[in-house]
Trainee: 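Please see the structure below; I have some questions.
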Amino acid sequence: MIEPQQAMAILASADLIHTADTVDAAVRRVAREISERLRDRNPVLLCVLKGGLPFAGHLLTQLNFPLDFDYLHVSRYRLATSGSELSWRIEPEIALSGRTVLVLDDILDEGLTLAAIRDRLLALGAATCYTAVAADKLIGRTKPIQADFVALSVPDRFLFGYGMDVRGAWRNLPAIYAMRED
Ligand code: IMP
Ligand code: MG
């Protein structure tokens with residue numbers, strides 16, 4: 001966690017990447033794409049806590065077809081030497097057997113998190129696992145998973161806002177910002 005004053009200083013010096021209006025329009029477009037593909041599938045939508053919450057909340061109110069909603073919580077530990085490991089804090093409670101699942105997260109970065117989530121949900125019995133992200137980071141490398149639905153592309157920088165945090169701060173912003181390197 002960081003102090004409020006530090007959070008204010010980070011925001012003041014950050015670069016605005018996508019305005020709240022741009023985010024809003026992109027999420028509406030994704031909601032239409034999801035509706036076209038999944039409206040007859042009675043899908044289970046799964047919000048990845050905590051970052052996926054604003055995206056999931058905005059999407060949910062724009063989907064006018066029957067669906068179930070649940071959440072999951074994973075943490076990814078980035079270890080300097082031995083790669084990264086995912087720890088499951090909360091698994092979905094809802095039975096996934098035979099269901100079409102749509103995972104909602106804030107950002108697809110290297111893709112390890114979303115790939116591991118998809119593998120786990122399929123192991124739990126999901127018939128199909130779709131993924132949707134508010135932001136897809138242009139990292140210039142192949143990712144282990146492509147999101148089926150992407151609201152916005154973002155540069156390969158450290159981002160915050162719209163669910164993404166800087167050491168706990170600024171998940172609540174309606175726009176997407178990038179930290180200044182200096
Ligand atoms: P991945 O496994 O590299 O795709 O990382 C995905 C997760 O890391 C996301 O769900 C975020 O929680 C976090 N993350 C990745 N990039 C950023 C960023 O630029 N800002 C904040 N969080 C990020
Ligand atoms: Mg996350």
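Order of appearance sets the numbers: ligands from 1, and atoms from 1 within every ligand.
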Trainee: Between R157, K137, R167, R171, flag the one that comes closest to atom 17 (C) of ligand 1 by a heavy atom.
Mentor: K137
Trainee: Does atom OH of Y71 have more than 12 heavy-atom neighbours, drawn from other residues, nucleotides or ligands, at distances under 6.0 Å?
Mentor: no
Trainee: List in chain and number order the residues that pass side-chain hydrogen bond (donor to acceptor under 3.5 Å, both in side chains) with K143, two or more places apart in sequence or in another chain; answer none if no residue qualifies.
Mentor: D136
Trainee: Closer than 4.0 Å to some heavy atom of M164 - which atoms of ligand 1 meet that?
Mentor: 21 (C)
Trainee: Please confirm whether F160 comes under 4.0 Å of ligand 1, counting heavy atoms of the residue only.
Mentor: no
Trainee: When you measure from the heavy atoms of G111 to every atom of ligand 1, does any distance fall below 4.0 Å?
Mentor: yes
Trainee: Closer than 4.0 Å to some heavy atom of D105 - which atoms of ligand 1 meet that?
Mentor: 10 (O)
Trainee: So, using side-chain hydrogen bond (donor to acceptor under 3.5 Å, both in side chains) as the criterion, who are the partners of D156 when residues are at least two apart?
Mentor: none
Trainee: Do the side chains of R120 and E91 get close enough for a salt bridge, i.e. N-O under 4.0 angstrom?
Mentor: yes
Trainee: Please classify the D165 to ligand 1 contact at 4.0 Å (heavy-atom distances, strictly less than): side chain, backbone, both or neither.
Mentor: backbone
Trainee: Looking at ligand 1, does any of its N/O atoms fall within less than 3.5 Å of an N/O of L159?
Mentor: yes
Trainee: Given D106, I176, V48, L49, which has its nearest heavy atom closest to atom 12 (O) of ligand 1?
Mentor: D106
Trainee: Do the side chains of K50 and D165 get close enough for a salt bridge, i.e. N-O under 4.0 angstrom?
Mentor: no
Trainee: Could you tell me whether R29 and E33 make a salt bridge, using a distance below 4.0 angstrom between a side-chain N and a carboxylate O?
Mentor: yes
Trainee: For M164, which of D109, L159, V154 qualifies under side-chain contact (heavy atoms from CB on, under 4.5 Å)?
Mentor: L159
Trainee: Can you tell which part of L114 has a heavy atom less than 4.0 Å from ligand 1: side chain, backbone, both or neither?
Mentor: neither
